[in-house]
Amino acid sequence: MVFELLENELDELVRVLPKSGVVLLSGDLASGKTTLVKAIIKAHGINESVTSPTFSLMQIYGKDIYHYDIYQIGFDGMAKNGLFENLFEEGLHLIEWADENLINLLKKYELDFCVVRITPHAQGRKYEVSYA
């Protein structure tokens, strides 16, 4: 599925994304990954301040929405910090900067996931959604 949306239209995309499981967010710096996470959190009825967990690595919103940013540590750092095991927990896991190593391990353990690739577009952003 492909969506071309402005920031105020993200609800259209959020409606088709999984409510639980793993969602991998891919895109260049400032492409809108954290902005999408904000829209997802809001759609779940959670009124918390959402920031990218670049330095804390993971934030939890509500009781079961996990937001990871592995830009600085990559998959190896995620595994080393014990964060991969979290993906077996019930809830929604939103991961910024996922790489092929993480995707391969998700497949190996047969964990359901989808990938959202975000790229700038003349009228906002293009969101390409694919499911494993």
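For this chain, numbers begin at 1 and follow the sequence in order.
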Query raised in the report: So do the side chains of Leu13 and Leu36 get within less than 4.5 Å of each other, counting heavy atoms only?
Result: yes
**Report entry** Ile46 and Ile65, any side-chain heavy atoms less than 4.5 Å apart
**Finding:** yes
**Report entry** hydrophobic_cluster_shared for Val37 and Val16, side chain cutoff 4.5 Å
**Finding:** yes
**Report entry** Residue pair Leu10 / Tyr127, side-chain heavy-atom distance below 4.5 Å
**Finding:** yes
Query raised in the report: Between CG of Asp76 and CD1 of Ile70, what distance do you get to the nearest 0.5 Å?
Result: 9.5 Å
**Report entry** Residue pair Leu25 / Lys33: nearest heavy atoms and the distance that separates them
**Finding:** O-CD, 3.6 Å
Query raised in the report: Can you find a pair of side-chain heavy atoms, one from Ile118 and one from Lys126, that are under 4.5 Å apart?
Result: no
Query raised in the report: Going from OG1 on Thr119 to CD on Glu4, what distance comes out if it is rounded to the nearest 0.5 angstrom?
Result: 8.5 Å
Query raised in the report: So do the side chains of Leu5 and Arg125 get within less than 4.5 Å of each other, counting heavy atoms only?
Result: no
Report summary line: CD1 (Ile41) and OG (Ser49) are apart, to the nearest 0.5 Å, by 11.0 Å
Query raised in the report: Side chains of Pro18 and Tyr131: closer than 4.5 Å at any heavy-atom pair?
Result: yes
Query - Linked, directly or transitively: Tyr71 and Val50 (ILVMFWY side chains, under 4.5 Å) - result: no
Report summary line: Distance col, row Ser130:OG vs Arg117:CZ, nearest 0.5 angstrom, shows 5.0 Å
Query raised in the report: More than 12 non-hydrogen atoms from neighbouring residues, nucleotides or ligands closer than 6.0 Å to CD on Glu9, yes or no?
Result: yes
Query raised in the report: Could you state the interatomic distance from NE2 (His44) to CG (Asn47), rounded to the nearest 0.5 Å?
Result: 13.5 Å
Report task. List the steps and the verdict of side-chain contact (heavy atoms from CB on, under 4.5 Å) for Ser26 and Glu128. Result -> CA-CA 10 Å; Ser26 165; Glu128 298 173 75; over 6 Å; no
Requested in this report: Please answer: with hydrophobic residues joined when any side-chain heavy atoms are less than 4.5 Å apart, are Met78 and Leu111 in the same cluster?
Outcome: yes
Query raised in the report: Leu29, Leu57: one ILVMFWY side-chain cluster at the under-4.5 Å cut-off?
Result: yes
Would you give me the side-chain donor-acceptor pairs under 3.5 Å for residues 99-108, sequence neighbours excluded?
from	atom 1	to	atom 2	distance (Å)
Asp99	OD1	Asn101	N	3.2
Asp99	OD1	Leu102	N	3.0
Asn104	ND2	Glu100	O	3.2

Which atom pairs, one a donor and one an acceptor, fall under 3.5 Å between side chains of residues 81-98 and the rest of the protein, sequence neighbours left out?
from	atom 1	to	atom 2	distance (Å)
Asn81	ND2	Gly77	O	2.8
His93	ND1	Tyr68	OH	2.9
His93	NE2	Asn86	O	3.3
His93	NE2	Glu89	O	3.1
Glu96	OE1	Thr34	OG1	3.4
Glu96	OE2	Thr34	OG1	2.9
Glu96	OE2	His67	NE2	2.7

Report task. With side-chain contact (heavy atoms from CB on, under 4.5 Å) as the test, would you mind laying out the steps for Thr35 and Glu7 before giving the verdict? Result -> CA-CA 8 Å; Thr35 300; Glu7 186 174 330; 3.6 Å; yes
Query raised in the report: Are side-chain heavy atoms of Phe113 and Val23 found at a separation under 4.5 Å?
Result: no
Query raised in the report: Does the side chain of Leu17 come within less than 4.5 Å of Val116's, by heavy atoms?
Result: yes
